[in-house]
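First comes the structure, then the notes that go with it.
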Amino acid sequence: MNTNEILETINMIDNENLDVRTITMGISLLDCAGPDPEAAAQRVYDKICAYAQELVKTGEDVSRQYGIPIINKRISVTPIALLAGACPGASPLRFAKALDRAAHTVGVNFIGGYSALVQKGFGPGDYALIESIPEALAETELVCSSVNVGSTKAGINMDAVEKMGRVVRETAQRTADRECIGAAKLVVFCNAPEDNPFMAGAFHGPGEPDCVINVGVSGPGVVRAAIAKDGAGRSLTEIAELIKRTAFKITRMGQLVAQEASRRLSVPFGIVDLSLAPTPAVGDSVAHILEGMGLEQCGAHGTTAALALLNDAVKKGGVMASSSVGGLSGAFIPVTEDAGMIAAAQSGCLTLSKLEAMTAVCSVGLDMIVIPGSTSAEVISGIIADEAAIGMVNSKTTAVRVIPAIGKQAGEELDFGGLLGRGPVMPVNAASPAEFVHRGGKIPAPLQSLKN
């Protein structure tokens with residue numbers, strides 16, 4: 001790197017909100033399983049504490065050495081439903097409490113993996129874990145949960161979709177006195193990746209090594225600033241090239257941090273997730289990037305096309321900068337965590353229907369969207385089914401993280417504070433899909449699943 005590039009990177013950090021959003025240590029807990037749930041939970045706690053005891057300190061040391069902000073240090077673990085299956089008849093809640101206790105002990109921000117993979121059906125541990133999610137998220141502080149209900153290979157498990165509508169709503173109800181925060185820590189996936197470092201959907205997939213370091217980089221403010229500085233009068237082809245070059249620089253920084261953290265912790269380096277993950281901070285918004293391309297406001301006609309350009313350019317630039325790109329990688333569109341999205345939703349320019357269209361080309365799905373507290377479980381299941389269908393047919397990850405604001409109506413607001421931000425309660429089409437949802441069964445895998 002020449003002097004100008006070094007100075008440019010310093011400016012990105014100082015003035016454009018460039019940061020490493022998270023260092024996430026993935027830990028396999030498969031060797032902790034056993035028929036005695038108390039003993040298994042203790043093994044879970046002990047292993048997490050042994051592997052992650054230096055994680056936070058290492059993140060802080062690397063941040064100081066290179067002058068790069070590292071915002072979060074997190075842990076992802078093996079889907080706990082796999083451990084719960086070895087303890088038939090026992091509540092998985094003890095595992096949630098062991099995870100929470102371990103997360104507090106080692107000092108991380110969140111721990112993910114209170115999860116189940118049920119795209120093709122349920123095992124006993126899956127049933128038990130899913131039923132326990134509302135109580136687990138209400139009684140823990142740092143635990144995050146996810147359930148994968150579909151995939152391009154397997155189709156969509158509509159029995160799981162129906163169940164998750166009820167679980168999301170009950171989770172919000174159990175934490176209604178805390179701005180329904182439980183639902184903000186619960187994600188329903190289609191095509192969930194095994195190496196995602198971002199919460200709330202992170203888990204350590206069964207195909208991963210015993211322990212690994214994954215890093216999530218974020219730089220929407222940098223991309224927005226690049227377009228504002230050099231984008232005037234340029235064609236969309238040239239804008240795409242500008243974004244690619246910017247994404248390359250952002251990802252190289254993430255690669256540096258990941259490799260250094262891996263070396264210091266003596267843990268294999270996994271992936272860099274080069275997602276543009278926004279925050280409520282001014283200037284750190286994906287919506288503002290889209291508006292910088294020429295949209296009057298995010299949500300206007302043309303928004304989906306602009307987001308498709310952004311997502312593709314970010315991936316093309318990032319994949320050249322790292323030896324291993326993974327996770328979700330692209331542009332996140334969480335409403336409550338993005339100042340531009342919040343403004344667009346408040347003005348009515350950005351609607352739930354438009355957000356659904358945008359999920360066909362973004363890196364995840366309907367994320368951090370506050371909906372009226374009166375929304376029925378069946379409507380939530382319908383939202384999940386629609387998103388899963390988009391992911392299944394397009395062979396991409398989609399997800400739903402909606403927060404029913406218990407006691408609030410459209411136009412009011414929930415405020416989580418911190419990284420989770422705040423957001424307006426968005427109106428939802430209340431026409432009932434109940435009969436469709438309650439039919440159960442499976443939506444078969446699409447033709448493009450037959451690739452072998």
Is the backbone of [Y] close enough, under 3.5 Å, to the side chain of [X] for a donor and an acceptor to pair up by distance?
X      : Y      : result
Asp273 : Leu328 : yes
Lys396 : Cys362 : yes
Asn214 : Pro197 : no
Ser146 : Val187 : no
Ser151 : Ala154 : yes

Q) Tyr127 vs Phe122 aromatic rings, parallel, tilted or perpendicular, using cut-offs 30° and 60°? A) parallel

Q. If you measure only the distance, is there a donor-acceptor pair under 3.5 Å linking the side chains of Tyr45 and Thr105?
A. yes

(Q) Any donor-acceptor pair under 3.5 Å linking the side-chain atoms of Gln448 with those of Ser395? (A)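 Checked: Ser395/Gln448 side chains show no N/O donor-acceptor pair below 3.5 Å.
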
Q. Out of curiosity, Gln409 CD to Ser374 OG, how far, rounded to the nearest 0.5 Å?
A. 4.5 Å

Note: [X]-[Y] ion pair, threshold 4.0 Å (strictly below):
X      : Y      : result
Glu60  : Lys57  : no
Arg64  : Asp61  : yes
Arg174 : Glu139 : no

Q: Under the side chain to side chain donor-acceptor pair (under 3.5 Å) rule, collect the residues that match up with Lys120, sequence neighbours excluded.
A: none

Q.
Test of understanding: with side chain to side chain donor-acceptor pair (under 3.5 Å), list the residues that count as partners of Ser91, not counting sequence neighbours.
A. none

**Q.** Under the side-chain contact (heavy atoms from CB on, under 4.5 Å) test, residues paired with Arg439 that sit two or more places apart
**A.**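 If we apply the side-chain contact (heavy atoms from CB on, under 4.5 Å) test to Arg439, skipping adjacent residues, the hits are Glu435.
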
